[in-house]
Amino acid sequence: MAKAAQRQNGVREQTLPLSESRGVRTLLIAVAVGFFILFLLLPLIVVFVEALRHGLLAYWTALSEPDALAAMRLTLLTALVVVPINTVFGVAAAWAITKFSFTGKDLLITLIDVPFSVSPVIGGMVFVLLFGLQGIFGAWLAAHDIKIIFAIPGVIIATLFVTLPFVARELIPLMQKQGSEQEEAALMLGANGLQTFLRVTLPNIKWGLLYGVLLCNGRAIGEFGAVAVVSGHIMGLTNTMPLHVETLYNDFNFVASFAVASLLVMMAFATLILKTVLESRAA
Amino acid sequence: MQIDVKNLTKCYQRLTVLDRVNLQIRDKEFIGLLGPSGSGKTTLLRILAGLEIADAGAVQIDGRDSRTLSLDERRIGFVFQHYALFNHMTVFQNVAFGLEVKPRQARKSPAAIAERVRELLTLVHLQAFADRFPVQLSGGQRQRVALARTLAIDPKVLLLDEPFGALDAKVRVELRRSLRDIHDTAGLTTVFVTHDQHEALDLADRVAIMNRGIIEQVGTPVEIYSAPKSPFVFDFLGHTNSFDCVVRGGEAYLGESQLALDEVIRDGPAVAFVRPHDIIVSRTNAAAETGVRLPGTARVRFISALGQRAISELLYDKRLIEAEMTPQRLQELGLQVGSKCVISLRNPRVYPRQQAEEQTRVAERAAVRPRKRRRFRDRLSTLR
């Protein structure tokens, strides 16, 4: 439209006082586009090219192989356990932080961010030190024949740790902005705590909550570092999808490796699309 | 319901927001809490509502401690400053909320609830808006939804926090009247918070003027306006001209003239506060009969004669004085910018100078004698 207007007025391209010269603009755009292609687009294309190198049949075979299916099942199980727990935790933490004032509130806000600021590998290590054979609870766990490290519970705990901040982080600024006036109004009208939460708070935060859940889910599926430390890479047992990708790759089984990777990429795309939809709904 | 506020104290960290406040609110009374921001009026209202807990003191409702009463026994409705409407619900659902959250045995049938909601929407003239969402309404309409939603729970006490604060002047006056009508017909006891003097004096049976966590004065609008007990109250209720004077032997003197004292004031420096409409302007000495004549002359600096009141700013003794008169009077006098005139004061109220300086921002005083140099600091504070 701007172009059409320009043509209509018969104005040649003007350089506004605040805009850069043509050469600088071209250079900056080229840099941005180049980066985008080199670091975002090409890697994604490579994943699919490699996965389909030997045709669709090989791709399908790689995905329907028992170990691959086990990895998918474990990843889904992890997400199914972790996401609801962290959703409940996130809502509770955000509710407590934004609607009440108590001592230790700032500490809680800071602590929620720890999984974001600490390397996931450290997150995994911590649980090895806690629940591993040599760990603090190791002897007790061994005595009671409870396996956490190098077993599925370890994978779930590590994922819980890493994805803990997502929902809370999404809700805290939102709920802070909304304040507690509507909740107070509900209470003055005779609603009890549960009614206030279900009828007033929840509808006000639902889009933000869904968004947080989505991000949490994406990370739970894709987490590598922390899970790698605690899982022990047992094929068909404690390998999640990202770990399975690595194992296959290390075995020079590139087609299978990239086939599983392509699934993760597609899930990431689905997440992004949903996220965009949610963002437009929330706005 | 009668509400007794007894020695109520509330602190936030080290800041005392309410300092041993006592107030008796009578049954079916319409009372305004008036004060500048930070005076503690909203905190007092929120404690009455039970939304905040006092550090000390008590609120008694019909003689019973409010903390021992259930929400149902208290029957308090609260209208929030920004309405706090539920944005995801329609107007109808908003108004029905208080009826729908009642415990099952006390809840009415859906048909009865709908009937009651329609009644309330008719009361606030919003029948046609039942299916709208709050964002689709104007400020005044939202306010009326908030009022209807609160009335749905049949409150005995209605508390309103700056109910008309965010509305434009015309809507505000309309809503004031309808609120007063609702109060009278429903037999409510109403407490509202405002920082608008006109609103408080216009609407309330009694007004409590608050400043820095204490109640300065409680009384009917007439009592408060005609006999402000403290310099703060005088200054807060309207424009104030102030003149240095002195109290000697129980008598107040402004230059040579003696001023009437309403209360006993200790000897020492004092100030006389005078409203703009009590500044009498005349052209000659002979004409200045009434009031306390000030020595010397003043010069007109500025005139604004819009509508019923003509405001003129007079330069007297290097200070600006605001005088208010009818436009007819202004014409009779033939005042123009630059004219000389003489001033007399009617109904001056005398307060100890220290108290006046502590409580008010009236930094510019016309010092009749001795002359005092206007300090830079004073000029700054008038700019604030």
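Note on naming: letters A, B, ... go to the chains in the order of the sequence lines (proteins, then strands), and numbering restarts at 1 for each one.
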Can you tell which of A84(B), G77(B), A152(B) has the highest number of heavy-atom pairs within less than 4.5 Å of chain A? A84(B)

Between R199(A) and E100(B), is there a side-chain heavy-atom distance shorter than 4.5 Å? yes

Flag side-chain contact, heavy atom, 4.5 Å: L189(A) against F86(B): yes

Counting heavy atoms not belonging to I53(B), are there more than 12 under 6.0 Å from its CD1? no

If you count heavy-atom pairs under 4.5 Å between each of M89(B), R74(B), K102(B), R46(B) and chain A, which one has the most? R46(B)

Might you confirm whether atom NE2 of H88(B) has over 12 heavy atoms from other residues, nucleotides or ligands at distances under 6.0 Å? yes

Any donor-acceptor pair under 3.5 Å from Q182(A) side chain to L85(B) backbone: yes

Can you tell me if M125(A) has over 12 outside heavy atoms packed within less than 6.0 Å of its CE? no

Are more than 12 heavy atoms, taken from residues, nucleotides or ligands other than K156(B), located less than 6.0 Å from that residue's NZ atom? no

Side-chain heavy-atom pair T150(B), M188(A) within 4.5 angstrom cut-off: no

Atom group of I76(B) that falls short of 4.5 Å from chain A, counting heavy atoms: both

More than 12 foreign heavy atoms under 6.0 Å from CZ of F116(A): is that the case here? yes

Heavy atoms of A185(A) and R149(B) approach each other most closely as CB-NH2, 3.5 Å

Residue pair F97(B) / V200(A), side-chain heavy-atom distance below 4.5 Å: yes

